[in-house]
Novice: 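The structure under discussion is supplied below as structure tokens; questions concerning it will follow.
Sequence lines set the chain letters: A, B, ... in the order given, protein chains first and strands last, and positions in each chain run from 1.
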There are 2 protein chains.
Amino acid sequence: MPAEAKVDISARPASPPLTERQEARRRRILHASAQLASRGGFDAVQMREVAESSQVALGTLYRYFPSKVHLLVATMQDQLEHMHGTLRKKPPAGETASERVAETLMRAFRALQREPHLADAMVRALTFADRSVSPEVDQVSRQTTAIILDAMGLTDPSPAQLSAVRVIEHTWHSALITWLSGRASIAQVKIDIETVCRLIDLTEPGAAQGNKSQGR
Amino acid sequence: MPAEAKVDISARPASPPLTERQEARRRRILHASAQLASRGGFDAVQMREVAESSQVALGTLYRYFPSKVHLLVATMQDQLEHMHGTLRKKPPAGETASERVAETLMRAFRALQREPHLADAMVRALTFADRSVSPEVDQVSRQTTAIILDAMGLTDPSPAQLSAVRVIEHTWHSALITWLSGRASIAQVKIDIETVCRLIDLTEPGAAQGNKSQGR
DNA sequence: ATCAAGTCTGTAACTTGTTCTAGATTAGCG
DNA sequence: CGCTAATCTAGAACAAGTTACAGACTTGAT
């Protein structure tokens, strides 16, 4: 499945091309953000501290990322790219599409467990984001969709399959939140993921679907 | 299905019984909260304004609700009780359990559409809540579960059914967020709800499930 | 090399959630 | 009624996100 370059193109809004120093600043900021987040989660990412850690004035930080939520969502985009790359190297081994998706998400989940504070910061920012961050959040969503479709081994999904993927993403985000806020165990998240992934089986060609009103 | 009184018991932590004046204050605060939220959503619920609107000192507000998120989650509990009562009066008419659940959730969704700002405030608070609010958020979750099980017409759900309900709740919350932040249309939310509700069909006695690894 | 436009820095100010304090008020009790 | 503990009020104070601004530094074009 050859689809490497496409990601990088859509990743940046690419409005004005950044100079080298600017690219370096941006990278320092994202690094500081991830670092602080890894320590104490959402609350520990304080804009003044991010600015100081990344050797940038507060005003500059806000020029690069117009709010804390923007910053953390961008941090998530960054991490997601890593993740997608990593996952691509070792594709999931399951037989059915739903097994492979569940395996992929559980692998991502285990990665998040290694940095729970970072996960907290990123996921909280994602769900707290208001309309002003929609484009960036959408980008994260597209990236996530791409990862799931990859795991399914699809290049040209049907509408029903896209719906299933949407629901899987919903479940993934919400399950993460319940885990992060201590209301669900790791085992519980696993069950939820496995449960929702069975939706995929319903969309397979041979599956008998006794349904109506599944418009567009 | 006789299960009326139970809700009220678990609804309040019932630590110290409130005096009449205190109950009145609590009610004024919740009312002011809902009112402000209906105007401008999460951001419009400012603690100083809530205090003023409800004729209570700021310190008192914080004594009743230890944070803005606590306040909004309590507001949501309040609204949910209304909702559950309303829904109970006109049970959904669908033939299958999944149809009835989808109908119920869509009805709730339409109610939220009438007060989108209030919905914004409540849902944002719910997903932004950290561990310190877990008990309250859990209470909301239980109430939501009860509504869904009601719609299914179940009193004694199987583990598989509970899993399905959990996933439905995940989808419900997350779909609401995408709608509130303008990243999904009302139609899209409808599709997502209908899609996830088909999971219920998989848990019915006669359903053929070609699955493995569905532990406990 | 020089100039204009755009960036970056350092710092103060403003906003809103949260905490703290000192002095009234209220509730329960003898 | 009169006392004591708890509660409530008004207002200041603090914390962190965000904005504003004046002056220094870069950049790109000439």
Side-chain angles (χ1 to χ4, degrees), chain A residues 15-30 32-33 36-37 39-75 120-122 124-126 128-133 136, chain B residues 15-30 32-33 36-37 39-75 120-122 124-126 128-133 136:
Chain A
S15 333
L18 300 180
T19 73
E20 204 167 327
R21 294 168 51 109
Q22 286 174 322
E23 191 58 51
R25 273 194 203 99
R26 186 173 193 281
R27 206 122 297 286
R28 283 205 308 278
I29 293 172
L30 287 175
S33 167
L36 288 171
R39 298 236 196 301
F42 188 90
D43 294 330
V45 180
Q46 303 192 354
M47 299 304 269
R48 287 172 176 85
E49 285 211 32
V50 172
E52 192 173 352
S53 288
S54 50
Q55 310 245 254
V56 136
L58 192 54
T60 307
L61 172 52
Y62 274 95
R63 169 184 284 273
Y64 280 71
F65 301 97
S67 79
K68 174 170 174 170
V69 169
H70 280 86
L71 170 57
L72 285 173
V73 170
T75 304
D120 172 77
M122 297 190 306
R124 296 267 288 287
L126 209 62
F128 193 59
D130 67 356
R131 300 180 112 84
S132 71
V133 204
E136 289 80 359
Chain B
S15 334
L18 300 181
T19 74
E20 204 168 326
R21 294 168 52 104
Q22 285 174 323
E23 191 57 52
R25 272 193 203 100
R26 185 171 194 281
R27 204 123 298 287
R28 284 207 306 279
I29 292 172
L30 286 175
S33 167
L36 288 171
R39 297 234 198 301
F42 188 89
D43 294 329
V45 181
Q46 303 192 355
M47 299 303 269
R48 286 173 178 82
E49 285 211 32
V50 173
E52 193 174 350
S53 288
S54 50
Q55 311 244 254
V56 136
L58 191 53
T60 306
L61 173 51
Y62 274 95
R63 169 185 284 272
Y64 280 72
F65 302 97
S67 78
K68 173 169 174 171
V69 169
H70 280 87
L71 170 58
L72 285 172
V73 171
T75 304
D120 172 77
M122 298 190 305
R124 296 267 288 287
L126 208 62
F128 193 58
D130 66 355
R131 300 180 113 85
S132 71
V133 205
E136 289 81 359

Novice: In this structure, how many angstroms lie between the C1' atom of dA16(D) and the CD atom of E52(A), rounded?
Specialist: 14 Å
Novice: In whole angstrom, give the distance that lies between atom CD of E49(B) and atom C1' of dT15(C).
Specialist: 12 Å
Novice: Can you tell me if Q55(B) touches the phosphate of dC8(D), counting only side-chain N or O atoms and a distance under 4.0 Å to OP1 or OP2?
Specialist: no
Novice: Rounded to the nearest Å, what distance is computed from the CD atom of residue E20(A) to the P atom of nucleotide dC8(C)?
Specialist: 15 Å
Novice: Side chain of Q46(A) only, please: which of dT9(C), dA16(D), dT16(C) is the nearest?
Specialist: dA16(D)
Novice: With under 30° as parallel and over 60° as perpendicular, where do the rings of F128(B) and F128(A) fit, or are they tilted in between?
Specialist: parallel
Novice: For L61(B) and for V69(A), locate the closest nucleotide of DNA chain D by heavy-atom distance; then report the residue assigned to the nucleotide nearer the 5' terminus.
Specialist: L61(B)
Novice: Contact class for V45(B) vs. all strands (heavy atom < 4.0 Å): base, sugar-phosphate, or nothing?
Specialist: sugar-phosphate
Novice: Look at T19(B) and dA27(C) and indicate whether a side-chain polar atom (N or O) is within less than 4.0 Å of OP1 or OP2.
Specialist: no
Novice: side-chain contact (heavy atoms from CB on, under 4.5 Å) between D43(B) and D120(B): does it pass, once the steps are laid out?
Specialist: CA-CA 10 Å; D43(B) 294 329; D120(B) 172 77; over 6 Å; no
Novice: Closest approach to the side chain of Y62(B), judged atom by atom: which nucleotide of dT9(C), dG17(C), dA10(D) is it?
Specialist: dG17(C)
Novice: Could you state the atom-to-atom distance from CD1 of I29(A) to C1' of dC8(C) in whole Å?
Specialist: 11 Å
Novice: Looking at CD of Q22(B) and CZ of R63(B), how far apart are the two atoms once the value is rounded to the nearest 0.5 Å?
Specialist: 8.5 Å
Novice: Looking at Y64(A), I'd like to know if the NZ or CZ of R25(A) sits under 6.0 Å from its six-membered ring centre while staying within 45 degrees of the ring's axis.
Specialist: no
Novice: Can you tell which of dT9(C), dC8(D), dT18(D) lies closest to the side chain of M47(A)?
Specialist: dT18(D)
Novice: Using a heavy-atom cut-off of 4.0 Å across all strands, would you classify Y64(B) as base, sugar-phosphate, or nothing?
Specialist: sugar-phosphate
Novice: From C-beta outward on A57(B), which listed nucleotide comes closest to its side chain: dT19(D), dG17(D), dT9(D)?
Specialist: dT9(D)
Novice: Quick one: which of dT18(C), dT9(D), dT9(C) gets closest to the side chain of L58(B)?
Specialist: dT18(C)
Novice: dG17(C) C1' sits how many Å from L72(B) CG, rounded?
Specialist: 12 Å
Novice: Compare side-chain N and O positions of Q22(B) against OP1 and OP2 of dC8(D) and report whether any pair is under 4.0 Å apart.
Specialist: yes
Novice: Counting side-chain heavy atoms from CB outward, which of dC8(D), dG17(D), dT16(C) is closest to R63(B)?
Specialist: dC8(D)
Novice: Hey, does the side chain of R21(B) come within less than 4.0 Å of dA27(C)'s phosphate (OP1/OP2), counting only N and O?
Specialist: yes
Novice: Check whether H70(A) reaches the backbone of Y62(A) with its side chain - one donor and one acceptor, N or O, closer than 3.5 Å.
Specialist: no
Novice: Whole Å only: how far is the CG atom of L36(A) from the P atom of dA16(D)?
Specialist: 13 Å
Novice: Can you identify which nucleotide, out of dT18(C), dT7(D), dT19(D), has its nearest atom closest to the R48(B) side chain?
Specialist: dT18(C)
Novice: Measure the distance from CG on L71(A) to C1' on dT18(D) and round it to the nearest whole Å.
Specialist: 14 Å
Novice: Could you state the CZ-P distance from F42(B) to dG17(D), rounded to the nearest angstrom?
Specialist: 14 Å
Novice: Quick check: does any side chain N or O of K68(B) sit under 3.5 Å from a backbone N or O of F42(B), one acting as donor and the other as acceptor?
Specialist: yes
